[in-house]
Asks: 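Below: one structure in C-alpha cells.
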There are 2 protein chains.
Amino acid sequence: MTTQPSTKASILTDIMLAVFRVNGRLLEKGDQLVAPLNLTSARWQVLGAVAMAGNPLSAPQVAEAMGVTRQGAQKQLNKLEEEGFLKMLPNPRHERSPLFVPTDKGNRTIAATMSLQMAWATGLSSSLSLQNLKSTLELLNTMYELLDSPVPTKGAKP
Amino acid sequence: MTTQPSTKASILTDIMLAVFRVNGRLLEKGDQLVAPLNLTSARWQVLGAVAMAGNPLSAPQVAEAMGVTRQGAQKQLNKLEEEGFLKMLPNPRHERSPLFVPTDKGNRTIAATMSLQMAWATGLSSSLSLQNLKSTLELLNTMYELLDSPVPTKGAKP
DNA sequence: CCATTAGTGGCAACCGGTTGTCAAATTGAT
DNA sequence: ATCAATTTGACAACCGGTTGCCACTAATGG
C-alpha cells in the first residue's frame, strides 16, 4: 500500500471490483451447491422466483420479477418445464402465454435448495459480524438505486 | 415485512441477491461509460489489466491477473489488438505466445477511462458515507476469501 | 539426442444473457 | 366491428465467458 488517499471514490472503485469477483464466486459456488439437484444457478433463481410468487406466473411476469429480459426468463422456463420442475397451466387471459407453476418434483427441489442455501449462508455468515452485514446490505441497496435511476443528462423528453 | 428474524444468514442471503443486481448494473453502466471510447466493460477490464502491469504480458499472464480463463482473456486480447489498442511484441521465451502492450492509442484510451471512472465514482460516492464504504469493502473482501478457499466437507481425497 | 511432459494458441461447442425480427393473440380506440 | 398498437413466444444472432480438443512450442530427463 502506497499511502493511498483512500478517498470515497477510490474505495467505491475497489468495491466495484470486489462485486465483480464476489459475483463470479457466488455463481460458481451456487452451481456446485445445486448441481446434485440437477439445477444450475440460473435455473435455481428462476425456480425460486416462481416458488416465491406462490401463484402461477407467465413468462413476462417472471422476467419482471427477476429484473431480466423476457427472452432470458423464457429460455430457463422452457428448460425447467422440459426437465419436469415446472408445468404449464392454460392462461385464461392469453392463449399463447401459459402460466408456470412448480410440479411436485419442482416443489421438492425448491425445498431442498432452501435447505442447502440456509446451511451455506449460515456457515459463511458465522465469520461475519451482524453490524457489518447490515451496513453492507444497506450500501449495496443504495448503490443499486443510485445506479438504477440516474439516467443522467436526459434532455428533452416529450 | 413480516417481522423477519433478520438473522445473519438471512442478511447474507439478501447481500448475495444484492450483489447479483449490482453486478448487472455495474456492467451495464460501465458499458455505457466507455462506449464513446469504442470499448466495452470486458475490453476495458483487459486493457486495464495490461496497463496496470506496466510491462508486456502474455495471454496466460493476463488471464491469471484477471482471474479468468486463458481463452477468455485471449478472445479479448485478440480483439483489442485487431482494434489497435494493443500491439504484440515477440516473446523471447515463447515463439507462439506474443507479449501484449498498449499502443499509443491504447495508452490514450486508458487515460480516458481512468478519468471517466474517477468522475463516475466520485459522483456516486458522494451519497455514501466513508464508514459505510469501508465496512462494505471489508466485508466483500472477506466474503471473497471465504468463497475462495473453503472447499467445504472435502471428505477423503487421495 | 531423443522422448515425454507442460505450456500455448486456434477452433468449436456450450451456457446464460441480450437484442432484434416475426407472427399470432390481446387490447383499445374509433 | 374494425383496425392499429401492444403483448407474447419462437427463432436467430450476438457478447462474454467456460470447457474440451488439437497441434505446435518449450522444457525436462533419460
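Keep in mind it's a predicted model, so treat the numbers as computed, not measured. Any value given below was found using the heavy atoms of this structure, including those in side chains, with hydrogens, waters and symmetry copies removed. Below, read A as the first sequence line, B as the second, and so on, with proteins coming before strands; counting in each chain starts at 1.
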Asks: Rounded to whole angstrom units, what separation is found between the CG atom of B:Leu27 and the P atom of D:dG17?
Replies: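 Going from CG in B:Leu27 over to P in D:dG17 covers 9 Å.
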Asks: With sequence neighbours excluded, give me every salt bridge (Lys or Arg N to Asp or Glu O under 4.0 Å) pair touching residues 106-118 of chain A.
Replies: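 Sorted result for residues 106-118 of chain A: empty, none.
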Asks: Does anything in residues 74-91 of chain A reach DNA chain C, meaning a heavy atom under 4.0 Å, and if so which residues?
Replies: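 Within this stretch, A:Lys75, A:Gln76 sit under 4.0 Å of the strand.
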Asks: So which one's nearest nucleotide on DNA chain C is more toward 5', A:Ser41 or B:Arg96?
Replies: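 Nearer the 5' end of the strand: B:Arg96.
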Asks: Just how far, in rounded Å, is P of C:dC14 from CG of A:Asp31?
Replies: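 To the nearest whole Å, that distance equals 18 Å.
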Asks: What integer distance in Å separates B:Leu39:CG from D:dG16:P?
Replies: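 Those two atoms, CG and P, are 11 Å apart.
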Asks: Would A:Lys105 count as a cation-pi partner of A:Phe85, with NZ or CZ less than 6.0 Å from the six-membered ring centre and within 45° of the ring normal?
Replies: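 Yes, A:Lys105 and A:Phe85 form such a contact.
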Asks: B:Phe20 CZ to C:dG17 P: how many Å, rounded?
Replies: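 Interatomic distance, CZ of B:Phe20 to P of C:dG17: 10 Å.
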Asks: May I ask you to evaluate whether B:Thr40 reaches the phosphate of D:dG16, defined as a side-chain N or O under 4.0 Å from OP1 or OP2?
Replies: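 Yes, such a contact exists.
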Asks: Can you tell me if A:Lys8 uses its side chain to pair, donor with acceptor, with the backbone of B:Ser129 under 3.5 Å?
Replies: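 Looks like no, no N/O pair under 3.5 Å.
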Asks: Counting side-chain heavy atoms from CB outward, which of D:dA10, C:dA25, C:dC11 is closest to B:Gln71?
Replies: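 Within the option list, the nearest is C:dC11.
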Asks: Can you check whether any acceptor in the base of C:dG7 is under 3.5 Å from a donor in the side chain of B:Arg70, or vice versa?
Replies: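 Check fails, no donor-acceptor contact within cut-off.
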Asks: Could you tell me, to 10°, how much the axis swings from one end of the helix from C:dC1-D:dG30 to C:dT30-D:dA1 to the other, five pairs per end?
Replies: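 Computed angle between terminal axes is 10°.
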Asks: Does a salt bridge link B:Arg25 with B:Glu28, judged by any charged N lying under 4.0 Å from a carboxylate O?
Replies: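 Answer for the salt bridge query: yes.
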Asks: Under 4.0 angstrom, heavy atoms only, what part of the nucleic acid is A:Thr69 near: base, sugar-phosphate, or nothing?
Replies: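 The residue A:Thr69 makes base contact.
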Asks: Please tell me which of the listed nucleotides, C:dA25, D:dG16, C:dG9, lies nearest to the side chain of B:Pro60?
Replies: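 Among the listed nucleotides, the one closest to the side chain of B:Pro60 is C:dG9.
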Asks: Between D:dG9 atom P and A:Leu57 atom CG, what is the distance in whole Å?
Replies: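 A:Leu57 atom CG is separated from D:dG9 atom P by 12 Å.
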Asks: So which one's nearest nucleotide on DNA chain C is more toward 5', A:Ala42 or B:Phe100?
Replies: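 Taking each residue's closest nucleotide, the earlier one in sequence belongs to B:Phe100.
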Asks: Between B:Gln45 (CD) and D:dC15 (P), how many Å, whole number?
Replies: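 My rounded result for the distance is 17 Å.
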Asks: Name the nucleic acid region contacted by B:Arg93, choosing base, sugar-phosphate or nothing; use a 4.0 angstrom heavy-atom cut-off, strictly under.
Replies: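 The answer is sugar-phosphate, as B:Arg93 gets under 4.0 Å only of primed atoms, P, OP1 or OP2.
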Asks: Rounded to the nearest 0.5 Å, how far apart are OG of A:Ser10 and CG of B:Leu137?
Replies: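 Going from the OG atom of A:Ser10 to the CG atom of B:Leu137 covers 9.0 Å.
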Asks: Can you spot which of B:Asn132, B:Val22, B:Leu139 makes a side chain to side chain contact (heavy atoms under 4.5 Å, CB included) with A:Leu139?
Replies: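 Considering B:Asn132, B:Val22, B:Leu139, a side chain to side chain contact (heavy atoms under 4.5 Å, CB included) with A:Leu139 is found only for B:Asn132.
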Asks: Output the rounded distance in Å from CE (A:Met66) to P (C:dT18).
Replies: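 Whole-Å distance recorded here is 9 Å.
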Asks: What are the two closest heavy atoms between B:Leu47 and B:Gly106, and how far apart are they?
Replies: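 Taking every non-hydrogen atom into account, CD2-O, 4.3 Å.
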Asks: Is there a side-chain contact between A:Lys29 and A:Trp120 in this structure, where contact means two heavy atoms from C-beta onward sitting under 4.5 Å apart?
Replies: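 Of all side-chain heavy-atom pairs linking A:Trp120 with A:Lys29, at least one is under 4.5 Å.
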Asks: What is the distance, rounded to the nearest whole Å, between atom CD of B:Glu95 and atom C1' of D:dA23?
Replies: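 One finds 14 Å between C1' of D:dA23 and CD of B:Glu95, rounded.
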Asks: Report yes if the side chains of B:Leu89 and B:Pro98 come closer than 4.5 Å at any heavy-atom pair, otherwise no.
Replies: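 No. Closest side-chain heavy atoms not under 4.5 Å.
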Asks: Do B:Ser127 and A:Leu146 come within less than 4.5 Å of each other through their side chains, counting heavy atoms only?
Replies: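 In contact.
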